[in-house]
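Below is one structure, written out as structure tokens; comments come after it.
Start at 1 with the first residue, then count along the sequence.
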Amino acid sequence: THFAASLLTGVAVTLAMQPFDFTAVRLMNQNVASSGAGSLYSSPMDCIMKTIRSEGVRGVYKGTLANYLRFGPYCILTFVVLEQMRTAWDRWLL
């Protein structure tokens with residue numbers, strides 16, 4: 001049950017964080033004008049709005065699978081190991 005809960009937690013966290021990760025990548029990869037300002041986006045909100053206008057809401061979720069493949073195993077290992085450690089702790093101290 002901890003494994004399944006960890007899988008669902010990984011999906012929820014990935015879906016919640018994807019717009020922020022997507023925006024950060026787009027902002028970091030844009031060309032910079034000679035003035036130091038970004039040539040495509042002026043702010044994170046500008047990036048999200050322009051992406052939604054041109055690619056739709058699904059455009060903000062590009063790369064979600066790759067992000068989950070990065071974060072999913074971390075989430076699974078963290079929560080499963082945490083629960084095993086709690087169980088061991090309770091056995092030794094109680």
Side-chain angles (χ1 to χ4, degrees):
T1 59
H2 296 292
F3 184 78
S6 298
L7 281 173
L8 289 175
T9 301
V11 169
V13 169
T14 302
L15 290 176
M17 290 302 299
Q18 182 62 28
F20 301 105
D21 287 340
F22 171 85
T23 303
V25 169
R26 286 259 174 127
L27 288 172
M28 287 186 283
N29 288 332
Q30 72 177 332
N31 293 326
V32 178
S34 60
S35 64
S39 61
L40 295 174
Y41 311 110
S42 61
S43 68
M45 188 55 89
D46 182 49
C47 177
I48 290 173
M49 295 309 294
K50 284 182 179 177
T51 301
I52 290 173
R53 277 191 218 116
S54 64
E55 302 173 35
V57 174
R58 291 181 69 189
V60 177
Y61 285 92
K62 282 184 178 178
T64 301
L65 178 60
N67 203 7
Y68 180 74
L69 291 176
R70 176 183 63 88
F71 187 72
Y74 164 79
C75 193
I76 292 167
L77 288 173
T78 298
F79 288 115
V80 170
V81 169
L82 175 68
E83 288 303 320
Q84 294 302 315
M85 289 175 66
R86 277 190 187 162
T87 301
W89 181 268
D90 290 343
R91 283 185 188 157
W92 284 95
L93 293 179
L94 298 179

Taking only residues at least two apart or on different chains, which pairs with a member in residues 26-42 satisfy salt bridge (charged side-chain N to carboxylate O under 4.0 Å, His left out)?
Arg26-Glu55
Shared hydrophobic cluster, Ile76 / Phe79 (ILVMFWY, side-chain heavy atoms < 4.5 Å):
no
Remaining members of Trp92's ILVMFWY cluster at a side-chain heavy-atom cut-off under 4.5 Å?
none
Partner residues of Leu69 under the side chain to side chain contact (heavy atoms under 4.5 Å, CB included) criterion, sequence neighbours left out:
Leu65
Does any pair with a residue in residues 14-24 pass salt bridge (charged side-chain N to carboxylate O under 4.0 Å, His left out), and if so which ones, sequence neighbours excluded?
Asp21-Arg70
Listed partners of Ser43 passing side chain to side chain contact (heavy atoms under 4.5 Å, CB included), at least two apart:
Met45, Asp46
Which heavy-atom pair separates Thr51 from Gly59 by the least distance, and what is that distance?
CG2-C, 4.0 Å
Return a table of donor-acceptor pairs under 3.5 angstrom between the side chains of residues 5-19 and protein atoms on other chains or two or more places apart.
residue: Ser6; atom: OG; partner: His2; partner atom: O; Å: 2.8
residue: Thr9; atom: OG1; partner: Ala5; partner atom: O; Å: 2.8
residue: Thr14; atom: OG1; partner: Gly10; partner atom: O; Å: 2.7
residue: Gln18; atom: OE1; partner: Asn67; partner atom: ND2; Å: 2.8
residue: Gln18; atom: NE2; partner: Lys62; partner atom: O; Å: 2.8

Asp90, CG: over 12 other non-hydrogen atoms inside 6.0 angstrom:
yes
Can you measure from OG (Ser42) to NZ (Lys50) and round to the nearest 0.5 angstrom?
6.0 Å
Co-members of the apolar cluster containing Val25 [side chain, <4.5 Å]
none
Linked hydrophobic residues, Leu27 as query - side chain contacts closer than 4.5 Å:
Leu40, Tyr41
Tell me the salt bridge (charged side-chain N to carboxylate O under 4.0 Å, His left out) pairs involving residues 32-41, sequence neighbours left out?
none
How would you list all residue pairs meeting salt bridge (charged side-chain N to carboxylate O under 4.0 Å, His left out) that involve residues 72-88, not counting sequence neighbours?
Glu83-Arg86
Salt bridge (Lys or Arg N to Asp or Glu O under 4.0 Å) involving Arg58 - partner list, sequence neighbours excluded:
none
Sequence neighbours excluded, the answer for ring-ring contact (aromatic ring centres under 6.0 Å, His included) partners of Phe71 is Tyr74
Could you grab the distance from atom CG of Leu82 to atom OG1 of Thr87, nearest 0.5 Å is fine?
9.0 Å
